[in-house]
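One structure below.
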Amino acid sequence: MQRPIEVVYQSLLPGISTITLRLRYYSFFPWLLDAYARRSGSTALEDFRIFQRRAEALFALICARGDYEPGVAGIEWALRAVSGIGSDPSMDQIIDFSDGAAPDASPDNRYLKNKGGAFGGIYASQLREMNLIRMDDPDLPVPYCLNAAMPLAEAMQNELGDLAEVFLAAVEEGRVTVEDLDRLAPLKPSRIREGSSEQAALVAILTGRQQNAGASDALRRQTLLKLLELSKALGRAPRADDAKWAWFETNDRDRSDDDNGVLGLWSLYQASDLMRLAYEGILSAGLRILNRAPFSRQPLTTLVADIAEFSGIDATESWSDTLTALSAKAAPETTARNAQARLLDAEKTGEDADEIRAALELIGALWAKREDYRPETMRWLRAADHFRSYATELRYFEDLLDRPTGSALSAIISERIIKRHLWVASRKFRNQRAYTFLMEPDDGMLRYRTGFTVSPSSPRIDQAVQFLRDAKLLNDDGPTTLGLSEIERQ
């Protein structure tokens with residue numbers, strides 16, 4: 001069920017991923033590509049990679065010296081390198097980073113294990129998604145800036161001034177003095193100057209106000225504006241959970257199209273993730289039940305019956321009545337939030353009945369919530385038949401409504417959870433040679449193999465909040481003056 005969930009949140013925050021941690025890389029890399037194009041006549045990818053990796057290693061050293069900067073690629077290596085020069089080094093002491101930056105350096109001394117570095121392994125795909133760079137030109141093997149990236153490159157050049165030559169000369173030599181390392185401190189991610197051309201260019205790209213902005217940029221803009229509005233209401237910077245639960249309360253059918261239905265889509269994301277969580281909660285409890293069986297083995301029918309019995313639900317009522325009753329005491333959003341908290345607590349303490357019951361209450365809340373979504377919103381979950389989602393499970397439940405709950409629950413546990421896990425694990429083993437079975441078929445029985453941890457997904461919201469901080473649109477107290485002006489200009 002994970003892939004349809006990812007499609008929703010990736011579409012809402014394009015250009016930001018769970019591993020793109022600092023906004024300044026989005027001006028640093030365009031400037032670096034432009035500088036390479038101006039200074040080097042080589043189009044050999046190997047030459048570019050040496051230049052790029054040295055630049056990233058130097059950037060990490062800058063961030064490790066003095067005030068520590070989190071979220072920087074290679075920072076652990078850089079901290080070790082900086083600690084090696086002592087607490088009070090002479091200003092002319094030299095740090096040689098050429099070996100640590102070399103693609104073929106020993107893994108113990110390499111600033112990043114990925115030979116593509118932070119650019120190739122983290123940021124290039126997002127810069128390409130934002131139409132800032134090109135990497136697949138058959139006539140030019142090295143990546144280069146597109147027109148949309150040039151304001152970023154030029155702004156960074158203006159911001160650095162004479163320091164640009166200091167940085168690039170050190171990159172070419174693979175060596176830097178402590179004095180120059182200190183001089184280059186303005187390059188740190190937190191040092192984007194408010195009111196600078198670089199900050200303006202980054203905000204324009206981040207919030208989709210560049211000249212070539214497309215539909216995906218508009219979705220990112222609306223999400224970021226909603227984060228700023230939520231921050232204003234909270235009086236602080238929002239966390240991912242703040243946004244997920246606040247936006248889950250959206251009734252998509254009541255919203256106009258002036259914000260591209262972004263809140264409805266975020267609500268759909270949360271509903272989809274909660275359905276996954278409910279199924280995983282049942283699977284988690286089922287694995288513990290299986291592990292307690294003699295020799296940790298049971299027939300599928302016995303395991304399904306044991307899980308259903310732990311639910312404590314009247315098996316004779318119709319599945320329709322049971323779904324209605326599961327969320328009848330409160331609003332679906334309230335029921336879902338309470339059920340998720342209880343499910344996660346029960347998973348930690350190993351309380352099977354509590355976890356299964358909480359999972360079913362979560363399913364009941366999601367069934368009640370289904371009426372809040374317009375058909376065009378639900379279509380975002382369309383995928384190949386072998387992908388399961390909130391939408392597919394709702395359709396499955398509809399086919400069970402007239403059945404007794406005992407029969408319906410057994411079908412869900414058997415077909416949608418246990419057999420589904422075995423099918424997915426078998427495909428991963430066949431296609432990827434990855435053995436991910438949590439339980440194994442064994443002579444007509446199921447045998448326990450290992451447990452797993454149930455947890456909500458991370459939908460890039462925390463990274464988006466950090467970008468808003470880096471762009472000076474947000475601080476600990478909520479939107480800054482610049483952030484408020486961005487809200488007003490929408």
Side-chain angles (χ1 to χ4, degrees), residues 21-22 24-25 27-66 68-69 71-124 133 135 141-144 153 156-157 160-189 191:
L21 303 181
R22 300 307 296 264
R24 199 163 207 181
Y25 279 111
S27 53
F28 174 71
F29 282 127
W31 169 74
L32 198 67
L33 294 181
D34 185 56
Y36 182 80
R38 294 175 185 276
R39 296 172 74 95
S40 175
S42 173
T43 59
L45 188 57
E46 295 80 6
D47 292 339
F48 168 75
R49 184 156 290 172
I50 290 171
F51 174 85
Q52 165 227 319
R53 288 178 62 87
R54 284 186 178 183
E56 292 176 7
L58 178 55
F59 189 80
L61 288 170
I62 294 166
C63 294
R65 171 80 174 157
Y68 166 76
E69 289 271 346
V72 172
I75 193 66
E76 293 182 3
W77 167 87
L79 287 169
R80 292 194 299 271
V82 168
S83 67
I85 64 175
S87 58
D88 188 24
S90 62
M91 290 294 101
D92 60 354
Q93 188 166 341
I94 293 174
I95 299 176
D96 188 323
F97 55 90
S98 59
D99 183 54
D104 58 353
S106 66
D108 292 339
N109 189 43
R110 194 183 302 160
Y111 83 102
L112 273 185
K113 291 183 179 179
N114 187 324
K115 290 190 176 183
F119 178 77
I122 302 173
Y123 287 91
I133 65 170
M135 303 176 63
V142 298
Y144 58 87
M156 174 64 92
Q157 177 66 36
L160 290 177
D162 293 342
L163 290 179
E165 182 58 35
V166 175
F167 182 92
L168 294 169
V171 168
E172 290 168 353
E173 294 179 12
R175 295 150 51 95
V176 65
T177 65
V178 172
E179 179 182 10
D180 283 345
L181 206 57
D182 288 346
R183 289 177 64 196
L184 290 166
L187 259 171
K188 292 183 177 186
R191 302 279 289 272

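Excluded from the calculations below are hydrogen atoms, water molecules and symmetry mates; all remaining heavy atoms, backbone and side chain alike, are included.
At distances below 3.5 Å, at least one donor-acceptor pair connects side-chain atoms of Q52 with backbone N or O atoms of G116. No donor-acceptor distance shorter than 3.5 angstrom exists from the side chain of R65 to the backbone of A185, with no hydrogens or angles considered. Side-chain atoms of E69 do not come within 3.5 Å of backbone N or O of K188 as any donor-acceptor pair. In this structure a side-chain-to-backbone donor-acceptor pair under 3.5 Å is present from R54 to V171. Side-chain atoms of Y36 never come within 3.5 Å of backbone atoms of V142 as a donor-acceptor pair (strictly under, hydrogens ignored). Checking side-chain atoms of R24 against main-chain N and O of L187 turns up a donor-acceptor pair under 3.5 Å.
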Under 3.5 Å, sequence neighbours excluded: what are the donor-acceptor pairs made by side chains of residues 161-170?
unit_1, atom_1, unit_2, atom_2, d
E165, OE1, R39, NH1, 2.9
E165, OE2, R39, NH2, 3.4

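Residues F48 and S40 are not in side-chain contact: their nearest non-hydrogen atoms beyond the backbone lie 4.5 Å or more apart. Side-chain atoms of I62 and L181, non-hydrogen and from C-beta on, do get closer than 4.5 Å to each other.
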* Asked: Can D92 and S90 be said to form a side-chain hydrogen bond (donor to acceptor under 3.5 Å, both in side chains), step by step?
  -> CA-CA 5 Å; D92 60 354; S90 62; 2.8 Å; yes
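Here ring-ring contact (aromatic ring centres under 6.0 Å, His included) pairs that include residues 82-112, with residues two or more places apart or in two chains, number zero.
A distance of 7.0 Å separates CG of L21 from CD1 of I122, quoted to the nearest 0.5 Å. Atoms CZ and CZ, from R110 and R53 in turn, are 6.5 Å apart once rounded to the nearest 0.5 Å.
Remark: D47 pairs with no residue by the salt bridge (Lys or Arg N to Asp or Glu O under 4.0 Å) rule, at least two apart or across chains.
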